[in-house]
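A short worksheet on the structure shown next.
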Amino acid sequence: MTPLFRRRADAHERSVTLIRKAGCHLCDDAEQVVARVCAELGVPWEQKDIADDRDLHDQYWEQIPVVLVDGRQHTFWRVDEGRLRNELTG
């Protein structure tokens with residue numbers, strides 16, 4: 001379906017996942033951005049630690065923090081607040 005006819009998802013239908021590890025200062029920074037944007041927009045979000053999931057570790061260990069939006073990789077290392085907000089509202 002072309003983007004012209006694609007239905008815009010409501011905020012509660014979106015999801016954000018922050019993949020992180022303990023002791024990671026970039027992860028702490030990313031958490032603040034994700035929490036702020038998701039709270040503002042009413043989008044649910046969760047955190048997953050790569051130490052608790054071997055598949056996540058194998059896939060993302062070089063990129064953390066990683067932000068997934070609706071299960072697809074949105075960004076890694078540094079989270080741009082405006083870009084995340086645009087992704088969730090666009």
Side-chain angles (χ1 to χ4, degrees):
M1 182 178 293
T2 65
L4 181 63
F5 297 110
R6 196 172 298 146
R7 179 177 81 82
R8 177 184 273 174
D10 292 329
H12 68 279
E13 294 174 335
R14 310 299 306 265
S15 67
V16 174
T17 303
L18 172 61
I19 300 171
R20 60 170 301 145
K21 74 173 185 175
C24 168
H25 72 280
L26 290 177
C27 299
D28 295 338
D29 294 345
E31 179 182 352
Q32 291 178 4
V33 173
V34 169
R36 182 172 44 252
V37 171
C38 288
E40 176 186 312
L41 300 176
V43 174
W45 72 282
E46 65 178 338
Q47 297 183 65
K48 294 185 178 182
D49 192 310
I50 63 169
D52 298 333
D53 186 315
R54 187 67 187 166
D55 290 335
L56 290 177
H57 179 274
D58 291 347
Q59 188 170 1
Y60 297 116
W61 73 273
E62 291 181 323
Q63 298 179 327
I64 62 163
V66 174
V67 175
L68 308 177
V69 174
D70 300 333
R72 293 190 340 253
Q73 188 170 342
H74 169 71
T75 195
F76 62 97
W77 293 338
R78 301 213 183 262
V79 181
D80 181 273
E81 187 169 337
R83 184 170 176 255
L84 180 59
R85 186 178 287 109
N86 287 341
E87 175 71 22
L88 293 171
T89 58

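Taking hydrophobic clusters as Ile, Leu, Val, Met, Phe, Trp and Tyr residues chained together by side-chain heavy-atom distances below 4.5 Å, Val33 does not share a cluster with Phe76. Grouping the Ile, Leu, Val, Met, Phe, Trp and Tyr side chains by contacts below 4.5 angstrom, directly or via other members, places Val79 with Val43.
Taking CG of Leu68 as the start and OG of Ser15 as the end, the distance is 8.5 Å to the nearest 0.5 Å. Atom CH2 in Trp77 sits 8.5 Å away from atom CD in Glu62 (nearest 0.5 Å). Once rounded to the nearest 0.5 Å, the distance linking CH2 of Trp61 with CD1 of Ile50 reads 9.0 Å. Interatomic distance, Glu46 CD to Ile19 CD1, rounded to the nearest 0.5 Å: 9.0 Å. Interatomic distance, Leu88 CG to Leu84 CG, rounded to the nearest 0.5 Å: 4.5 Å. Expressed to the nearest 0.5 Å, how far CG of Asp49 lies from CG of Asp52 amounts to 4.5 Å.
For Gln59, there are no side chain to side chain contact (heavy atoms under 4.5 Å, CB included) partners two or more places apart in sequence or in a different chain.
Remark: Glu40 does not engage Arg36 in a salt bridge, criterion side-chain N to carboxylate O under 4.0 Å. A salt bridge does not link Lys48 to Asp53: none of the charged side-chain nitrogens sits closer than 4.0 Å to a carboxylate oxygen.
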Donor-acceptor contacts, no H, no angles, side chain residues 21-30, under 3.5 Å, sequence neighbours left out:
| unit_1 | atom_1 | unit_2 | atom_2 | d |
| --- | --- | --- | --- | --- |
| Asp28 | OD1 | Arg20 | NH2 | 2.6 |

*Please walk me through it: do Gln63 and Val66 pass side chain to side chain contact (heavy atoms under 4.5 Å, CB included)?*
CA-CA 6 Å; Gln63 298 179 327; Val66 174; 3.7 Å; yes
_side chain to side chain contact (heavy atoms under 4.5 Å, CB included) assessment of Leu18 paired with Glu31_ = CA-CA 7 Å; Leu18 172 61; Glu31 179 182 352; 3.8 Å; yes
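In this structure, the side chains of Thr17 and Val67 stay at 4.5 Å or more apart for every pair of heavy atoms.
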